[in-house]
Structures are given as C-alpha cells and as structure tokens.
Undergrad: 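Take this structure first; my questions come after.
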Amino acid sequence: SQTIHQWPATLVQPVGSPLSLECTVEGTSNPNLYWYRQAAGRGLQLLFYSVGIGQISSEVPQNLSASRPQDRQFILSSKKLLLSDSGFYLCAWSVRTTLNTEAFFGQGTRLTVV
Amino acid sequence: GQQVMQIPQYQHVQEGEDFTTYCNSSTTLSNIQWYKQRPGGHPVFLIQLVKSGEVKKQKRLTFQFGEAKKNSSLHITATQTTDVGTYFCAGPGSARQLTFGSGTQLTVLP
C-alpha cells in the first residue's frame with residue numbers, strides 16, 4: 001500500500017533562518033506531488049506541484065522553493081524565513097493519469113517563525 | 001487562472017440540523033473532489049464527481065455536481081458532533097494541479 005511521510009511534525013524557526021521540509025512517498029511510482037500551505041483557520045494554498053523529477057511548477061511568487069531530486073521525494077526550502085512563512089505545510093501525492101484522482105496528504109508540518 | 005470559491009466560510013449548527021456548503025468555479029471543471037479536515041488534522045478525500053448533474057450519497061452526506069459543471073454542493077443531513085471539521089472542494093487547474101476552495105468550517109453544537 002502507499003504511504004506518505006512528512007517531517008518534522010512541528011518546527012519553530014527564527015526569522016532569517018533556512019528551512020528544509022521533506023516529503024517522501026512509498027508504494028507508488030511517478031506520482032504528482034504537491035506542497036500546500038494553510039494559515040490558521042484558512043484554506044489550502046497551493047505552493048508547488050511536480051509531475052516528475054526536476055519538474056516544479058510554482059503557483060505563487062514567494063520566499064520558498066521546491067525540489068524533486070528523486071521520483072518520490074519532494075523538498076520545500078527557504079534560504080531566509082519570514083514571519084509570514086508561518087503556517088501548516090502539507091505535502092500530498094496523487095496518481096498521475098489523464099484524469100484527476102484523489103490526493104493523499106501527509107500529516108503536515110506546523111511551522112512557527114519567531 | 002481557475003478559481004474555486006466556497007461558501008459559507010463558517011457554519012455553526014445545532015446537532016441534528018442540516019448543513020450545506022457550496023462550491024463555485026470560474027471555469028468548467030472536468031471533475032470536482034471533496035475533502036474533510038478534522039481540527040488539527042490533514043485533509044482526507046471524501047468523493048469525486050465527474051458527470052454533469054451527478055449526485056452521490058455517503059450515508060448522511062449528499063454530493064451534487066451542477067449541470068454546467070461549474071458548481072457543486074455537499075449536504076449533511078442531521079449533523080452529528082463527529083461531522084465537525086473543515087470541508088473543502090477541489091478542482092483541477094489548467095495543468096491538472098489540484099486547486100482547493102477556501103473551505104467551510106463546520107461547528108456542531110451538542
């Protein structure tokens with residue numbers, strides 16, 4: 001069966017520090033991968049999505065970047081965190097087909113920038 | 001680009017009352033999905049609708065896809081405290097990336 005791992009679960013980082021969040025998927029190949037951010041009590045904002053290794057599409061200009069060094073690994077990074085980067089970061093995967101299929105989410109990372 | 005709007009943003013109901021959330025897209029959707037996020041948790045897939053006018057039921061939950069495939073609704077009959085959470089609709093973007101609506105946060109008062 002397929003599983004998605006996302007870590008860490010919580011993170012407190014000072015302003016100006018770097019960030020690296022990692023997400024890995026097991027049990028499937030060639031997945032679509034997503035990074036979403038959710039502010040407290042708000043909706044899911046799509047940050048990045050990837051349809052293959054090295055293929056990253058950015059939805060919004062921001063202080064963050066993403067990379068997909070391996071088929072089932074998706075990394076969210078920042079060189080210098082801002083206070084506004086605080087939020088709940090969710091990684092998700094879906095089967096890559098011609099039609100949309102359901103997305104499976106990781107447990108999320110609660111990031112607080114202080 | 002494609003936008004998915006969802007109303008209401010918040011809804012408080014007494015246990016046993018019905019609840020409905022609506023989702024509207026600026027463009028025609030090939031399909032629409034619904035997710036539920038419990039407080040403190042991650043979104044979990046509920047259902048996908050594909051056909052124009054499609055209606056699907058899951059126990060007390062009824063999902064509808066509009067005839068024009070631009071809107072959808074989720075109706076819960078006789079809410080229970082276990083229904084608490086945020087309900088999201090989601091549709092495919094121009095590159096089939098999954099774009100979520102703003103969500104409706106449901107509170108069920110016992």
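Chain identifiers are assigned alphabetically (A, B, ...) following the order of the sequence lines, protein sequences preceding nucleic acid strands; residue numbering begins at 1 within each chain.
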Undergrad: Give, as side chain, backbone, both or neither, the part of A:Phe104 having an atom under 4.5 angstrom from any heavy atom of chain B.
TA: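 No part of it gets close to chain B.
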
Undergrad: Return the set of residues passing salt bridge (charged side-chain N to carboxylate O under 4.0 Å, His left out) with B:Lys56 (not counting sequence neighbours), or none when no residue passes.
TA: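 Testing B:Lys56 for salt bridge (charged side-chain N to carboxylate O under 4.0 Å, His left out), a comparison that skips the adjacent residues, returns B:Glu54.
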
Undergrad: Flag the pair B:Phe100 / A:Phe105 as yes when their ring centroid distance falls below 6.0 Å, and as no otherwise.
TA: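 Ring-ring flag for B:Phe100/A:Phe105: true, centres closer than 6.0 Å.
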
Undergrad: Heavy-atom distance under 4.5 Å to chain A: side chain of B:Gln6, backbone, both or neither?
TA: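 Contact with chain A is absent: no heavy atom of B:Gln6 under 4.5 Å.
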
Undergrad: Determine whether the side chains of B:Gln33 and B:Tyr35 contain a donor N or O and an acceptor N or O closer than 3.5 Å.
TA: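 Side chains of B:Gln33 and B:Tyr35: pair found under 3.5 Å.
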
Undergrad: Only counting residues at least two apart or in another chain, list the ones meeting salt bridge (charged side-chain N to carboxylate O under 4.0 Å, His left out) with A:Asp71.
TA: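 Testing A:Asp71 for salt bridge (charged side-chain N to carboxylate O under 4.0 Å, His left out), a comparison that skips the adjacent residues, returns A:Arg68.
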
Undergrad: Mind checking which of residues 102-110 of chain B sit less than 4.5 Å from chain A, heavy atom to heavy atom?
TA: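 Listed by number: B:Ser102, B:Gln105.
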
Undergrad: Could you pull out the closest heavy-atom pair between A:Leu90 and A:Gly106, with the gap in Å?
TA: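 In this case the closest contact between A:Leu90 and A:Gly106 is CD2-O, 3.6 Å.
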
Undergrad: State which residues pass side chain to side chain contact (heavy atoms under 4.5 Å, CB included) with A:Thr10; sequence neighbours excluded, sorted by chain then number.
TA: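 Checked A:Thr10 against side chain to side chain contact (heavy atoms under 4.5 Å, CB included); matches are A:Arg110.
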
Undergrad: Kindly compute the distance separating NZ (B:Lys59) from OG1 (B:Thr77), expressed to the nearest 0.5 Å.
TA: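 The NZ atom of B:Lys59 sits 14.0 Å away from the OG1 atom of B:Thr77.
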
Undergrad: Let me know if A:Gln45 has heavy atoms under 4.5 Å from chain B in its side chain, its backbone, both or neither.
TA: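 Contact with chain B involves no heavy atom of A:Gln45 at all.
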
Undergrad: Taking A:Ser57, A:Ala103, A:Gly108 one by one, which has the highest count of heavy-atom pairs under 4.5 Å against chain B?
TA: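 Option with the greatest count: A:Ala103.
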
Undergrad: Might you work through the side-chain contact (heavy atoms from CB on, under 4.5 Å) test for B:Leu49 and B:Lys51, ending with a clear yes or no?
TA: CA-CA 6 Å; B:Leu49 304 172; B:Lys51 300 177 183 177; over 6 Å; no

Undergrad: Given heavy-atom pairs under 4.5 angstrom as the criterion, report whether the side chain, backbone, both or neither of A:Leu46 touches chain B.
TA: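 For A:Leu46, the contact with chain B is made by the side chain alone.
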
